[in-house]
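The model shown is predicted, which means the values in this text are computed figures rather than measured ones.
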Amino acid sequence: MNRRSFLRANGIAAGSMIAYSALGSTASVLGNMAKDQKKKIRYAMVGCGHRGTGTWGKEVVKGGYKDVVEFVGFCDTNPGRLKFALRETQTDCPVFSDFDEMIKQTRPDVIMITTPDGTHDHFIIKTLEAGVDVITEKPMTTDENKCQAIIDAQNRTGRKVTVTFNYRYSPHRAKIYELLRSGEIGDITSVDFNWYLDVYHGADYFRRWHGYRKNSGSLLVHKATHHFDLLNWWIASEPKEVFAYGALEVYGKNGPFRGKNCRSCSHKSDCQFYFDVTKDKRLMDLYVENEHHDGYFRDGCVYREDIDIFDKMAVQIKYMNDVQVSYSLTTYSPYEGYRIAFNGTKGRLEAWIKERQPWEELENDDVLQLTTSFGKTRLIRVSPKPGEHGGGDPLLIERVFKGGTDTLRQEAGVREGAMSILIGIAARNSIDTGKPVKIESLTSLKPKESTII
Ligand SMILES: NC(=O)c1ccc[n+]([C@@H]2O[C@H](COP(=O)([O-])OP(=O)(O)OC[C@H]3O[C@@H](n4cnc5c(N)ncnc54)[C@H](O)[C@@H]3O)[C@@H](O)[C@H]2O)c1
């Protein structure tokens, strides 16, 4: 029996958040609320930047969810982006610079948190304390103390937190999950996982707020939270111990010259990382038009001397069920994508997923290769769905607002949000100290051997 049918069978009102949260379930309760109470979900948002106004704003409107969701308030420290959010969502809801005021005046059912990562804890805890449910963008937060404070706040309030791990929803990743559960490669014993961000997308993290640990927790948290969450989900266990290396060797202080931002830079013609933001209308409207409010440059210099995150990272993870993982993240690769291989007692499942490359790619599908030991190999082709992140975003939005049976365990709450960031936080601490870090030393959560009930 899945959680949804458990609710039905036990006559627990779908809108009863405390009962539902106690079961650890996540997103689809919002869909139930709309259906059962025949009223729209009162939905407020803090952080009206790229992700907030796009995926959780315009795409919600475009996806036809306006009969389920009512935008009741937007909050941002930048008044220009608040205006942009209203335009993008064709909404005229009230806007706020003060988060407490937004909660007080709009009485939302749920608040979407799409501010920079290092601020999530502040908004998650305030929302829970106000008796309101949370949907937060990944990473849930950026360090172990903030993580513990979120765990405590959820325990105290019994409210529900959904962490939006869109990567779980891409069709080829769901297929990997199914193939691993089928047992064809036997028990998973180890995983080789290498993620390559290219010189365009990778560099972009060093242009923006992400370049500072205090904002992003480093890319071991901001970016790798996606990858560690996929591992936790695919392996169906929780991490036990982490050891890591990392360094900053290309961006930041390593550059031969630097400026404040690309538009004002005297090295435009010499710099391979020169980025002309004026060619992108959305970025102009969202950031450049609003620079005068907060001084934030979307085209910041990738060679700023105070950048304090790593640009190459290697992490070893040991899981509670003894699976060993070798993971790496490179941020200046000539092409973008990832390679993964699951080694099992009866075979191997692998993939090289190319997201952008300077050669013509003939294959449109994502191709998985499954080879059984002493046996045969077969290719499994999975067509990406339309939409961002290999079609993951529209499927996630649908799950959040309309519900559905969580057959593949794609929904995620505080525990899943914590287990993914704790690997990145442990890795960061390990790089700083040169020592392995036990996950159980970071928060009150005790990692489990199996996450399948
Ligand atoms: N799941 C994904 O694939 C995905 C993709 C992109 C971003 N994200 C996540 O979404 C979040 C937002 O990222 P983004 O790219 O939209 O960033 P962004 O810089 O475009 O937007 C952040 C917004 O928050 C506002 N803000 C900053 N501090 C604030 C505060 N204290 N109070 C109110 N507003 C504040 C800024 O003015 C800005 O409008 C991040 O947590 C990021 O990790 C997730």
Which is it for Thr330 and Leu197 under the side chain to side chain contact (heavy atoms under 4.5 Å, CB included) test, yes or no, and what are the steps along the way?
-> CA-CA 6 Å; Thr330 307; Leu197 295 169; over 6 Å; no

List the steps and the verdict of side chain to side chain contact (heavy atoms under 4.5 Å, CB included) for Leu180 and Ile185.
-> CA-CA 7 Å; Leu180 292 172; Ile185 67 159; 3.9 Å; yes

Take Lys385 and Asp393 through the test salt bridge (charged side-chain N to carboxylate O under 4.0 Å, His left out) and record every step on the way to the result.
-> CA-CA 10 Å; Lys385 289 225 155 88; Asp393 283 1; over 6 Å; no

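Using a cutoff of 4.0 Å between basic side-chain nitrogens and carboxylate oxygens, Lys223 and Asp117 are not scored as salt-bridged. Looking at Lys346 and Glu184, no side-chain N of the basic residue comes within less than 4.0 Å of a carboxylate O on the acidic one, giving no salt bridge. Between Lys253 and Glu305, none of the side-chain N atoms (NZ, or NE/NH1/NH2) sits under 4.0 Å from a carboxylate O, so this pair counts as no salt bridge. Lys40 and Asp67 are not joined by a salt bridge, as no carboxylate oxygen comes within less than 4.0 angstrom of a charged side-chain nitrogen. Under the 4.0 Å criterion applied to side-chain N and carboxylate O atoms, Glu238 and Arg415 are assigned as salt-bridge partners. Between Arg168 and Asp406, none of the side-chain N atoms (NZ, or NE/NH1/NH2) sits under 4.0 Å from a carboxylate O, so this pair counts as no salt bridge. A salt bridge links Arg213 to Asp432: one of the charged nitrogens lies within less than 4.0 Å of a carboxylate oxygen. In this structure, Asp192 pairs ionically with Arg348, as a charged nitrogen and a carboxylate oxygen lie closer than 4.0 Å.
Nearest heavy atoms, Glu59 versus Ile397: CB-CD1, 3.9 Å. Minimum interatomic distance between Phe206 and Ile307 (heavy atoms only, all atoms of both residues): O-CD1, 3.5 Å. For Asn232 against Tyr319, the heavy-atom pair with the smallest separation is OD1-OH, 2.6 Å. The minimum heavy-atom distance linking Val61 with Lys66 is given by the pair CG1-CD, 4.1 Å. Closest heavy-atom contact between Ala426 and Val437: O-CG2, 3.6 Å. The heavy-atom pair separating Ser216 from Val221 by the smallest distance is O-CB, 3.7 Å.
Using modelled atom types, one finds a donor on one side chain and an acceptor on the other under 3.5 Å when comparing Asn343 with Ser190. Judged by distance alone, the side chains of Glu88 and Thr53 never bring a donor and an acceptor atom under 3.5 Å apart. Using a 3.5 Å distance cut-off with no hydrogens or angles, the side chains of Arg409 and Thr451 do pair a donor with an acceptor. Judged by distance alone, the side chains of Glu137 and Trp56 do bring a donor and an acceptor atom under 3.5 Å apart. Inspection of the Tyr338 and Asn194 side chains reveals no N or O donor paired with an N or O acceptor under 3.5 Å. Side-chain contact, Arg304 with Tyr212: a donor N or O sits under 3.5 Å from an acceptor N or O. In this model, no donor atom of one side chain and acceptor atom of the other lie less than 3.5 Å apart for Thr55 and Glu388. Side-chain contact annotation: Thr115 with Arg51, donor-acceptor N/O pair under 3.5 Å absent.
Geometrically, Arg356 does not engage Tyr200 in a cation-pi contact, judged by NZ or CZ lying under 6.0 Å from the ring centre and within 45° of the ring axis. Taking the centre and axis of the six-membered ring of Tyr177, the NZ or CZ atom of Arg181 falls inside the cone set by 45° and 6.0 Å. The side-chain tip of Arg399 does not point at the ring of Phe401 from less than 6.0 angstrom away and within 45° of straight on. Taking the ring centre of Phe123 as origin, the terminal cationic atom of Lys126 falls outside the region bounded by 6.0 Å and 45° from the ring axis.
If you take CE on Met419 and CG on Asp229, they are separated by 12.0 Å, rounding to the nearest 0.5 Å. Here the CH2-CG distance, from Trp234 to Leu230, works out to 4.5 Å after rounding to the nearest 0.5 Å. How far CD1 of Ile124 is from SG of Cys147: 9.5 Å, rounded to the nearest 0.5 Å. Here the NZ atom belonging to Lys146 is positioned 14.5 Å from the CD1 atom belonging to Ile151, to the nearest 0.5 angstrom. The distance from the OG1 atom of Thr119 to the CH2 atom of Trp209 is 8.0 Å, given to the nearest 0.5 Å. Taking CE of Met320 as the start and OG of Ser450 as the end, the distance is 11.0 Å to the nearest 0.5 Å.
Within a 6.0 Å radius of CD in Glu361, more than 12 heavy atoms belonging to other residues, nucleotides or ligands are found. The environment of CZ in Arg156 is crowded: more than 12 heavy-atom neighbours from other residues, nucleotides or ligands sit within 6.0 Å. Around atom NZ of Lys58, no more than 12 heavy atoms belonging to other residues, nucleotides or ligands sit under 6.0 Å away. Under a cut-off of 6.0 angstrom, the local environment of NZ in Lys446 is crowded, with over 12 non-hydrogen atoms contributed by other residues, nucleotides or ligands. Atom CD of Glu363 sits in a crowded spot, with more than 12 heavy atoms from other residues, nucleotides or ligands closer than 6.0 Å.
Gln369 places no side-chain N or O within donor-acceptor distance of the main-chain N or O of Leu349, the cut-off being under 3.5 Å. In this structure, the side chain of Arg173 does not engage the main chain of Tyr169 through any donor-acceptor pair within 3.5 Å. With Thr331 contributing its side chain and Asp311 its backbone, the two residues share a donor-acceptor pair below 3.5 Å. Although no hydrogens or angles enter the test, the distance criterion places no donor-acceptor pair under 3.5 Å between the side chain of Thr225 and the main chain of His222. No donor-acceptor distance shorter than 3.5 angstrom exists from the side chain of Gln316 to the backbone of Ser326, with no hydrogens or angles considered. Judged by distance alone, with hydrogens and angles left aside, the side-chain atoms of Thr127 form no donor-acceptor pair with the main-chain N or O of Val132 at under 3.5 Å. For the pair His172 (side chain) and Leu368 (backbone), a donor-acceptor distance under 3.5 Å is absent. In this structure, Asp198 contributes its side chain and Ser333 its backbone to no donor-acceptor pair below 3.5 Å. Between the side chain of Ser328 and the main chain of Lys312, no donor-acceptor pair closer than 3.5 Å is present. Checking side-chain atoms of Thr372 against main-chain N and O of Lys376 turns up a donor-acceptor pair under 3.5 Å.
The aromatic rings of Tyr335 and Tyr196 sit perpendicular, their planes meeting at an angle over 60°, well past the 30° parallel limit.
A heavy-atom distance below 4.5 Å is not found between the side chains of Phe74 and Met102. You'll find the side chain of Phe71 reaches within 4.5 Å of the side chain of Val60, heavy atoms only. With contacts defined as side-chain heavy-atom distances shorter than 4.5 Å, the pair Thr164/Thr136 does not qualify. No side-chain heavy atom of Glu411 sits less than 4.5 Å from a side-chain heavy atom of Thr162. Looking at Glu416 and Trp233, their side chains never come closer than 4.5 Å, going by heavy atoms from C-beta outward.
Results of the ring-ring contact (aromatic ring centres under 6.0 Å, His included) test with Tyr327 over Tyr245, Trp195, Phe193 single out Phe193 as the only residue that passes. Checking Lys438, Lys435, Lys318 one by one against Glu241, the salt bridge (Lys or Arg N to Asp or Glu O under 4.0 Å) holds for a single residue, Lys438. Checking each of Arg42, Lys160, Arg159 against Asp133 for a salt bridge (Lys or Arg N to Asp or Glu O under 4.0 Å) leaves exactly one that passes, namely Arg159.
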